[in-house]
Amino acid sequence: MKAIYVSSGNVGALKKHLSDFEKNNHVKSALFLMAYENHYSGEELLPLLKKVSKPVIGGVFPEIIYEGARKDEGVLLILLSTELRTQRFDLTETSEKYFSQLESLLDDPFVPKSGLLVFIDALSSGKQYFIESLFDFFGIFPTYMGGGAGSLRL
């Protein structure tokens, strides 16, 4: 795992790091954690992220932590040697729909050493029901990690 911090307004550096990530055969996926203040726009990010074929997950957060320091701007790119399986859920759905979606994705959903990394829009309704559905489906086997994404201003 390697963590790279890119300050806001440095699109060139972000582009280079994403390109390096794409070319590196030892890195299989990445976490993309962006602080809300002075964040990159969709017009800046979408062309860069569309060039990446490896799994990237993340979100926008009130703050991020890099090398023990709180940052309210910039991007933390965490490069991983394992390939992430990604899935997007509509939080207005039922648990049956969640279960169906999860079952279609997983070969063996009860692998004891697995982990779930979940980012949820902090303002979404249905987030509590979704989290309960994840636990109902997976039980105690995986390690659960995650948090609420968004801005504290709202």
Side-chain angles (χ1 to χ4, degrees), residues 1-8 10-36 39-40 42 44-91 93 95 97-122 124 126-150:
M1 180 172 76
K2 178 180 179 183
I4 300 166
Y5 176 76
V6 181
S7 62
S8 293
N10 197 346
V11 177
L14 184 59
K15 181 178 181 179
K16 180 192 178 314
H17 289 300
L18 287 171
S19 176
D20 291 348
F21 155 61
E22 181 67 18
K23 294 174 189 172
N24 188 332
N25 293 330
H26 300 291
V27 178
K28 305 293 183 202
S29 54
L31 299 177
F32 188 95
L33 311 174
M34 184 166 58
Y36 182 78
H39 59 275
Y40 292 98
E44 292 171 304
L45 286 179
L46 287 177
L48 300 179
L49 292 173
K50 284 184 178 182
K51 292 180 181 178
V52 177
S53 63
K54 298 176 184 179
V56 176
I57 65 169
V60 178
F61 301 91
E63 292 182 331
I64 54 179
I65 299 172
Y66 177 67
E67 294 183 337
R70 294 169 49 186
K71 307 278 188 182
D72 63 359
E73 60 90 24
V75 170
L76 183 57
L77 188 63
I78 302 174
L79 307 178
L80 305 170
S81 60
T82 58
E83 186 172 340
L84 298 173
R85 289 185 173 180
T86 62
Q87 181 61 40
R88 187 173 180 199
F89 291 87
D90 178 350
L91 297 185
E93 294 291 345
S95 61
K97 178 70 175 176
Y98 299 148
F99 290 175
S100 173
Q101 217 173 329
L102 290 166
E103 286 172 347
S104 70
L105 290 171
L106 302 176
D107 302 326
D108 182 3
F110 301 105
V111 177
K113 294 183 180 179
S114 64
L116 288 175
L117 183 56
V118 181
F119 296 122
I120 297 177
D121 182 339
S124 294
K127 60 186 169 278
Q128 179 69 28
Y129 185 67
F130 174 72
I131 292 169
E132 290 171 4
S133 295
L134 282 177
F135 188 78
D136 289 344
F137 184 81
F138 289 105
I140 61 170
F141 291 108
T143 299
Y144 295 91
M145 301 164 279

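All figures in this text were calculated on a predicted structure; none of them were measured in a lab. Just the heavy atoms: all of them, side chains too, but no hydrogens, waters or symmetry mates, feed the values below.
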Subject >> Any side-chain heavy-atom pair of Phe138 and Leu102 under 4.5 Å >> reply: yes
Original post:
Do Val118 and Phe89 have side chains that get closer than 4.5 Å, going by heavy atoms?
Top reply: no
Subject >> side chain to side chain contact (heavy atoms under 4.5 Å, CB included), paired with His17, selected from Val75, Leu77, Asn10, Leu48 >> reply: Leu77
**OP:** Indicate the atoms forming the closest heavy-atom contact of Gly150 with Pro62, along with that distance.
**Re:** O-CD, 3.1 Å
Subject >> For the student: nearest non-hydrogen atoms of Leu33 and Ile64, plus distance >> reply: O-CD1, 3.8 Å
**OP:** Starting from the C-alpha separation in whole Å, work towards a yes-or-no answer on side chain to side chain contact (heavy atoms under 4.5 Å, CB included) for Ile78 and Lys2.
**Re:** CA-CA 6 Å; Ile78 302 174; Lys2 178 180 179 183; over 6 Å; no
**OP:** Assess whether side chain to side chain contact (heavy atoms under 4.5 Å, CB included) is satisfied between Phe21 and Ile4, documenting all intermediate values.
**Re:** CA-CA 11 Å; Phe21 155 61; Ile4 300 166; over 6 Å; no
Original post:
Does Leu84 reach the side chain of Ile57, with side-chain heavy atoms less than 4.5 Å apart?
Top reply: yes
**OP:** Please name the pair of heavy atoms, one in Met34 and one in Tyr40, separated by the smallest distance, quoted to 0.1 Å.
**Re:** SD-N, 3.5 Å
Original post:
For the residue pair Ser133 and Phe99, what are the closest heavy atoms and their distance?
Top reply: O-CE2, 3.2 Å
**OP:** Mind checking side chain to side chain contact (heavy atoms under 4.5 Å, CB included) for Glu73 and listing every partner two or more places apart, or none if nothing turns up?
**Re:** Tyr5, Ser7, Ser8, Glu37, Asn38
Original post:
Hey, does Asn24 have a side-chain heavy atom less than 4.5 Å from the side chain of Leu79?
Top reply: no
Original post:
Can you name the residues that form a side chain to side chain donor-acceptor pair (under 3.5 Å) with Asp136, not counting sequence neighbours?
Top reply: none
**OP:** Answer whether the closest heavy-atom distance between the side chains of Phe61 and Asp72 falls below 4.5 Å.
**Re:** no
Original post:
Is the distance between the ring centroids of Tyr98 and Phe130 under 6.0 Å?
Top reply: yes
Original post:
Side chains of Ser53 and Glu22: does their closest heavy-atom pair fall under 4.5 Å?
Top reply: yes
Original post:
Would you say Lys28 and Lys54 make side-chain contact, with heavy atoms under 4.5 Å?
Top reply: no
Original post:
Would Ile120 and Ile131 count as a side chain to side chain contact (heavy atoms under 4.5 Å, CB included) if you check the C-alpha gap in whole Å, the side-chain angles of each, and the deciding distance to 0.1 Å?
Top reply: CA-CA 9 Å; Ile120 297 177; Ile131 292 169; 3.8 Å; yes
Subject >> Close side-chain approach of Glu63 to Tyr36, heavy-atom, < 4.5 Å >> reply: no
Original post:
When you look at NZ of Lys15, are more than 12 heavy atoms from neighbouring residues, nucleotides or ligands closer to it than 6.0 Å?
Top reply: no
Original post:
If you measure from NZ on Lys71 to CD1 on Ile65, what distance do you get to the nearest 0.5 Å?
Top reply: 11.5 Å
Subject >> Separation of Tyr129 OH from Ser124 OG (nearest 0.5 Å) >> reply: 16.0 Å
Subject >> Heavy-atom pair of closest approach, residues Leu134 and Tyr144 >> reply: O-OH, 3.7 Å
Original post:
If you round to the nearest 0.5 Å, how far is CD of Glu83 from CZ of Arg85?
Top reply: 8.5 Å
Original post:
Is there a donor-acceptor pair closer than 3.5 Å between any side-chain N or O of Ser81 and the backbone N or O of Met1?
Top reply: no
Original post:
Could you go step by step and tell me if Val27 and Leu80 meet the side chain to side chain contact (heavy atoms under 4.5 Å, CB included) rule?
Top reply: CA-CA 6 Å; Val27 178; Leu80 305 170; 5.7 Å; no
**OP:** Mind checking the CG-NZ spacing from Asp121 to Lys127? Nearest 0.5 Å is all I need.
**Re:** 8.0 Å
